[in-house]
Amino acid sequence: MLRTESNRIEFKRELNDELDIEKEVIAFLNYHEGGVIYIGVDRDGNAVGVDDIDGDMLKVKDRIRKNILPSPMGLFDVRTETIDGTPVIKIFVASGSEKPYYKAKYGMSTRGCYMRVGTASEPMTTDQIEDLFSRRVHNSIKNILSPRQDLTFSQLKIYYEEKGLRLNENFLKTLELLTKDGELNYAAYLLADENGNSMKLAKYAGTDRYELISNNEYGYCCLLTATQKVLDKLDVENQVHSVITPTGRIDTPLWDKLSIREALINAVVHNDYSYGAPSKVELFSDHLEITSIGRIPDGVARDDFFNGVSMPKNKELMRVFRDVEMVEALGSGMLRIMRKYGRGNFEFGQSYVRFKVPYNWDGTNNGTNNGTENVLDDSEELTERQRLILRQLVSTSQKNDTKSGTKNDVETVSSLSSKFSISVRTLKRDLATLQQLAYISHEGPSNGGYWLILKTI
């Protein structure tokens, strides 16, 4: 059973001729947070299922694609989800940057435009429509003319073919790679076999940009290919540090591979290419930085950003990256990153967003940004090392033949820092996190005492 409907969640029992699915999708496209529509769920949140789930999914995609303007392609995702053992349809809708969205047959009018108000999709007023249109993003890469019109797309076609998809003769229009005048746009330029776009991966000897070791260029080709080359290079650089502990060998890479992959792809897809600068990656002696040009979209609060609220800057790129499965689902990348790292790893400038990750090999990375306080809440998971420390405390407690929640005489800050080859200061931060999330508690004097195991993982 799902929770009740809200400003971001809508339940529909079935897809039929009476269901105005376009209205619901438009309302979420125009809403600053987007939202989710479930088909096959009743008003009370009970899953009732869908008779023809594959057929209904095709109908939903077709109706959204044909009946809504501006084109919502790249801003919605239709998939199945199982609730209480019953398959239902889940439509994830991101907030669009070309507001207001409207029904094609009614145009940009009060009959065609809708906005989410509480748990309902309400018609917009004329003033609301004019206000949204005045703030519409006009420098979209879809509207920017490609510097070249003699482009080829062999690499792009290969990526689609590898996923069992075929680009027909109309793919430029289908993927929105043309301007309104029918010429190749900047999205086409970025995805072409040859272009002037290149991502940089720089490596420095120290902790700043003073001494450059190498400066590799990955690009002048299809953005998908360039992104994959940077990911491959990062895999090579991601060294593994091994520590022998009483419970066995622990291999720890410099950074979490999945989180860095998601961060890089987010930086590429959401980069503001109207500035003429691509995203970049920099490797220092103690940390890694991924920088994306541009700010988070207007109307997206910091909390929404960290909670995975999606408002793609370049929906044309998002659609292609999702088609070839380099992106799994809208808004999922940030949620994966937040499972391993905290908000303190992000830096927001006037014209950039930067993700900074201290390396893990010398024990300095506990999920914070160079000592910046990490914002934790009960929904965030522990880092891998914090899990290992907790397991070590539990293991030692069990070896002492004690029960959970009783005294542990063996493990001290000094012994733990030695076993995990990390500094005492870093170990104390990890222990503080475990205490804050109520996994352990310290009893007795600070220079002695013992650890209580409150819960395990």
Side-chain angles (χ1 to χ4, degrees), residues 207 235 237-260 283-288 337-342 344-345 356-376 378 380-457:
T207 60
D235 283 346
E237 295 286 347
N238 196 9
Q239 302 175 38
V240 176
H241 175 59
S242 298
V243 176
I244 305 300
T245 73
T247 58
R249 172 174 168 165
I250 301 173
D251 293 329
T252 305
L254 290 182
W255 53 76
D256 179 67
K257 177 179 177 179
L258 180 58
S259 298
I260 296 302
L283 303 176
F284 299 86
S285 63
D286 64 342
H287 73 283
L288 171 153
I337 294 170
M338 295 305 291
R339 288 173 185 166
K340 288 293 182 180
Y341 300 102
N345 290 87
K356 303 173 72 173
V357 175
Y359 295 154
N360 222 1
W361 63 357
D362 59 358
T364 60
N365 178 14
N366 72 326
T368 61
N369 177 11
N370 292 336
T372 302
E373 182 181 358
N374 187 20
V375 181
L376 289 169
D378 291 338
E380 291 188 356
E381 296 183 5
L382 302 173
T383 65
E384 185 60 28
R385 191 180 63 244
Q386 289 163 358
R387 290 171 174 271
L388 293 172
I389 291 171
L390 178 59
R391 288 171 186 153
Q392 179 63 34
L393 289 172
V394 173
S395 175
T396 303
S397 178
Q398 292 172 342
K399 287 180 181 179
N400 288 339
D401 196 27
T402 61
K403 298 180 180 179
S404 177
T406 60
K407 180 178 178 181
N408 186 322
D409 292 321
V410 178
E411 299 294 358
T412 64
V413 170
S414 177
S415 67
L416 286 170
S417 65
S418 177
K419 287 175 181 178
F420 290 93
S421 298
I422 58 179
S423 67
V424 169
R425 180 180 178 184
T426 297
L427 189 279
K428 286 183 176 179
R429 287 200 297 261
D430 283 340
L431 291 173
T433 297
L434 291 171
Q435 291 181 81
Q436 183 177 351
L437 297 181
Y439 285 96
I440 60 175
S441 174
H442 188 266
E443 302 293 327
S446 58
N447 293 327
Y450 55 91
W451 296 105
L452 287 176
I453 308 299
L454 302 179
K455 62 180 179 180
T456 60
I457 53 176

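The chain is numbered in sequence order, starting from 1. Only a predicted model underlies this, so the values are computations on that prediction, with no experimental measurement involved.
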List for me each residue that meets side chain to side chain contact (heavy atoms under 4.5 Å, CB included) alongside Val424, sequence neighbours excluded, and say none if there are none. Val413, Ser417, Lys428
Please report the closest heavy-atom contact between His287 and Tyr359, naming both atoms and the distance. O-OH, 3.0 Å
Would you mind reporting whether Arg339 and Leu258 have side-chain heavy atoms less than 4.5 Å apart? no
Holding to side chain to side chain donor-acceptor pair (under 3.5 Å), I want the full list of residues that pass it with Ser259, two or more places apart in sequence or in another chain. Asp256
Report yes if the side chains of Glu237 and Leu283 come closer than 4.5 Å at any heavy-atom pair, otherwise no. yes
Separation of Leu393 CG from Leu434 CG (nearest 0.5 Å): 7.5 Å
For Lys257, enumerate each residue passing the salt bridge (Lys or Arg N to Asp or Glu O under 4.0 Å) test, keeping only those at least two apart in sequence or located in another chain. Asp235
Carefully, step by step, assess Gln392 and Leu416 under the rule side chain to side chain contact (heavy atoms under 4.5 Å, CB included). CA-CA 9 Å; Gln392 179 63 34; Leu416 286 170; 3.9 Å; yes
Find the distance between OG1 (Thr207) and CZ (Phe284) and round it off to the nearest 0.5 Å. 8.5 Å
Rounded to the nearest 0.5 Å, how far apart are CG of Leu431 and CG of Leu390? 10.0 Å
Should Trp255 and Asn360 count as side-chain neighbours, where that means a heavy-atom distance under 4.5 Å? no
Can you tell me how far apart CG (Leu388) and CD (Gln386) are? Round to the nearest 0.5 Å. 10.0 Å
Does Tyr341 reach the main-chain N or O of Lys356 with its side chain, forming a donor-acceptor pair under 3.5 Å? no
Closest heavy-atom pair and its distance - Asn238, Leu254: OD1-N, 2.9 Å
Would you check if the side chain of Asp430 reaches a backbone N or O of Leu427 as a donor-acceptor pair within less than 3.5 Å? no
